[in-house]
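Heads up, the thing below is written out as structure tokens.
Just so you know, these numbers use all the heavy atoms, side chains as well, and skip hydrogens, waters and symmetry mates.
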Amino acid sequence: TTEIYTLSLHDALPIYNTGDGVNYGCFNFAAPISDTSNIYIAKMDYNITRDGKHRLSVSGSLINDNYATQPFLPGQPSEDDEVNYSKGIIASYNAVLTNTLDNNFRYGFVRQSNGFIGNSDQDWIYFRGLNDQGGAITRSTAFQRPTHNFVDDVSWTHGKHTFQFGTQIQIAREPRLSTAASYSDGSANASWVDTSGFAGKQGSPLNPANNGLPGVDPSFSNSYDYPIQALLGIVTEVDAKYNFQKDGTALPDGTALKRRFGLDSYEFYLQDTWKIKPTF
């Protein structure tokens, strides 16, 4: 039985990084891995007035990263393709309005954007110990986090007092998209057959001991049962995924789940530095 399984595995279902290394082995192949990383940064400073009392500064950055891992089988898409398209911009305007009053305004926008592109967009059948390990089957997820930040600081010197006050306002949103729980799956699970496996089971015709052959060592039961179940092709376990909208309507199988989170924060401050006399 083991010999037949080994031949079938190599002919019909090549896999890698699995097997017990003795009775059934793995399929290895050369596969390219791509990694692209592009980062762009720009900065500009501008004196609006010749005396430098009004200044404008703008800086920005953009990331374009793409990292693809190896495929599970030759000719297939990579198991996991990670992309990063984050970007940001910061602008500041500094104004010296009078000899005793100046204002500094800053605006920042950062959009973190990350995605993981999976290699499957359909329901799947798993053969335990063969294609249910590592990243054989991966699903797609993505999120963005655009954040606006407004900051303004005012400094006013009046007599023996230096007043400083300002605010920081932050508006953040986070839309998410995920298919991690959008697909149902089945499993050729030997533990779900009537005799709960084959090795060492009294009523199983696939137990070698019931056919006048040496029995399977108890420590090797799973390594015996999993390939046998894969050869039989019997899907004994089905895990269905059901997702619903807020109104109770069921989403069709394979529909990506969408979520949107938000956070607004407001901060203010006021302080006074009072020089009662030069030493106090």
Side-chain angles (χ1 to χ4, degrees), residues 1-39 63-86 113-144 176-190 192 222-241 243 251-258:
T1 303
T2 304
E3 183 180 359
I4 296 175
Y5 164 73
T6 303
L7 294 175
S8 299
L9 172 64
H10 282 233
D11 292 341
L13 188 63
I15 56 176
Y16 76 102
N17 194 28
T18 188
D20 65 356
V22 178
N23 296 275
Y24 65 103
C26 50
F27 177 86
N28 296 293
F29 60 93
I33 296 177
S34 63
D35 187 0
T36 302
S37 181
N38 297 306
I39 301 175
I63 298 176
N64 187 348
D65 282 357
N66 186 302
Y67 175 73
T69 61
Q70 72 283 345
F72 178 63
L73 297 175
Q76 289 188 344
S78 63
E79 290 181 354
D80 194 28
D81 194 355
E82 180 179 354
V83 295
N84 183 352
Y85 299 136
S86 300
S113 178
N114 293 87
F116 298 89
I117 303 173
N119 61 3
S120 175
D121 58 356
Q122 58 185 332
D123 297 338
W124 200 257
I125 301 298
Y126 292 100
F127 293 92
R128 297 196 65 179
L130 303 180
N131 69 341
D132 63 344
Q133 300 178 350
I137 302 302
T138 57
R139 307 300 188 183
S140 298
T141 60
F143 81 94
Q144 291 80 41
R176 288 179 173 265
L177 186 72
S178 175
T179 60
S182 299
Y183 299 95
S184 301
D185 58 72
S187 174
N189 187 353
W192 280 38
N222 286 340
S223 296
Y224 177 86
D225 288 347
Y226 292 170
I228 292 294
Q229 185 73 15
L231 281 176
L232 293 174
I234 301 175
V235 179
T236 55
E237 175 186 349
V238 175
D239 300 308
K241 305 289 179 61
N243 296 296
L251 294 173
D253 183 75
T255 302
L257 300 184
K258 298 180 180 180

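Panel note: side chain Thr138, backbone Asn119; a donor-acceptor pair is recorded below 3.5 Å. A donor-acceptor pair is defined here as one N or O able to donate and one able to accept, closer than 3.5 Å; such a pair exists between the side chain of Gln229 and the backbone of Ile234. For Ser37 (side chain) and Asp65 (main-chain N/O), no donor-acceptor pair under 3.5 Å exists by modelled atom type.
Remark: Trp192 pairs with Asn189, Thr236, Glu237 by the side-chain contact (heavy atoms from CB on, under 4.5 Å) rule, at least two apart or across chains. In this view, Lys241 and Ser184, Asp185 satisfy the side-chain contact (heavy atoms from CB on, under 4.5 Å) rule, not counting sequence neighbours. Considering only residues two or more places apart in sequence or on other chains, Thr69 meets the side-chain hydrogen bond (donor to acceptor under 3.5 Å, both in side chains) condition with none of them. Residues forming a side-chain hydrogen bond (donor to acceptor under 3.5 Å, both in side chains) with Asp123 (at least two apart in sequence, or on another chain): none. Val238 pairs by the side-chain contact (heavy atoms from CB on, under 4.5 Å) definition with Val235, not counting sequence neighbours. Residues forming a side-chain hydrogen bond (donor to acceptor under 3.5 Å, both in side chains) with Thr36 (at least two apart in sequence, or on another chain): none. Taking Ser86 as the reference, Asn84, Gln112, Asn114 meet the side-chain contact (heavy atoms from CB on, under 4.5 Å) condition, with sequence neighbours excluded.
Going from atom CG of Leu232 over to atom CZ of Phe127 covers 10.0 Å, rounded to the nearest 0.5 Å. The distance from the OG atom of Ser78 to the CD1 atom of Ile117 is 8.0 Å, given to the nearest 0.5 Å. Separating the CG atom in Asn243 from the NZ atom in Lys258 is a distance of 13.5 Å, to the nearest 0.5 Å. Taken to the nearest 0.5 Å, the OH atom of Tyr67 stands 9.0 Å off from the OG atom of Ser34.
The side-chain heavy atoms of Asp253 and Tyr183, taken from C-beta on, include a pair separated by under 4.5 Å. Put simply, the side chain of Arg128 reaches to within 4.5 Å of the side chain of Ser187, judged on heavy atoms. Counting only heavy atoms from C-beta outward, the side chains of Asn64 and Tyr85 approach each other to under 4.5 Å.
Between Ser182 and Ala256, the closest heavy-atom pair is OG-CA, 3.8 Å. For the residue pair Gln122 and Arg139, the shortest heavy atom distance occurs at O-NH1, 2.8 Å.
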